[in-house]
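Remarks on the structure that follows.
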Amino acid sequence: MKILLISTLIIAIGMAFLLVKVLSKRDGTFSSQHIHDSQAMRERGIHCVMTQDREMRRKSPTAVSERSHA
């Protein structure tokens with residue numbers, strides 16, 4: 001029972017911190033966490049794994065096609 005109360009308290013504190021962050025923002029939204037939206041990642045040449053996979057498939061003549069030919 002004590003563990004349940006402690007867990008609930010920790011979750012409640014976390015939710016309170018999120019609420020404070022949302023209320024303190026001007027438009028109440030968080031910035032995007034996606035790699036393709038980060039200018040610093042693009043400058044370093046780091047892409048989303050899906051984009052990297054697509055680029056490698058285009059470069060390699062022996063790569064498996066994205067479409068299945070069933």
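All residue numbers in this chain count up from 1 along the given sequence. The analysis underlying the following values was restricted to heavy atoms, covering all of them including side chains, and did not include hydrogens, waters or symmetry mates.
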Roughly how far, to the nearest 0.5 Å, is [atom2] of [Y] from [atom1] of [X]?
X	Y	atom1	atom2	result
Lys59	Met56	NZ	CE	6.0 Å
Leu18	Ile13	CG	CD1	12.5 Å
Ile10	Met15	CD1	CE	14.5 Å

Check your understanding: What heavy-atom pair brings Ile35 and Ile46 nearest, and what distance separates the two atoms?
Key -> CG2-O, 3.8 Å
Review point. Which residues pass the side-chain hydrogen bond (donor to acceptor under 3.5 Å, both in side chains) test with Glu43, sequence neighbours left out?
Key: Gln39
Review point. Among Ile6, Leu5, Leu4, which residue meets the side chain to side chain contact (heavy atoms under 4.5 Å, CB included) test with Lys2?
Key: Ile6
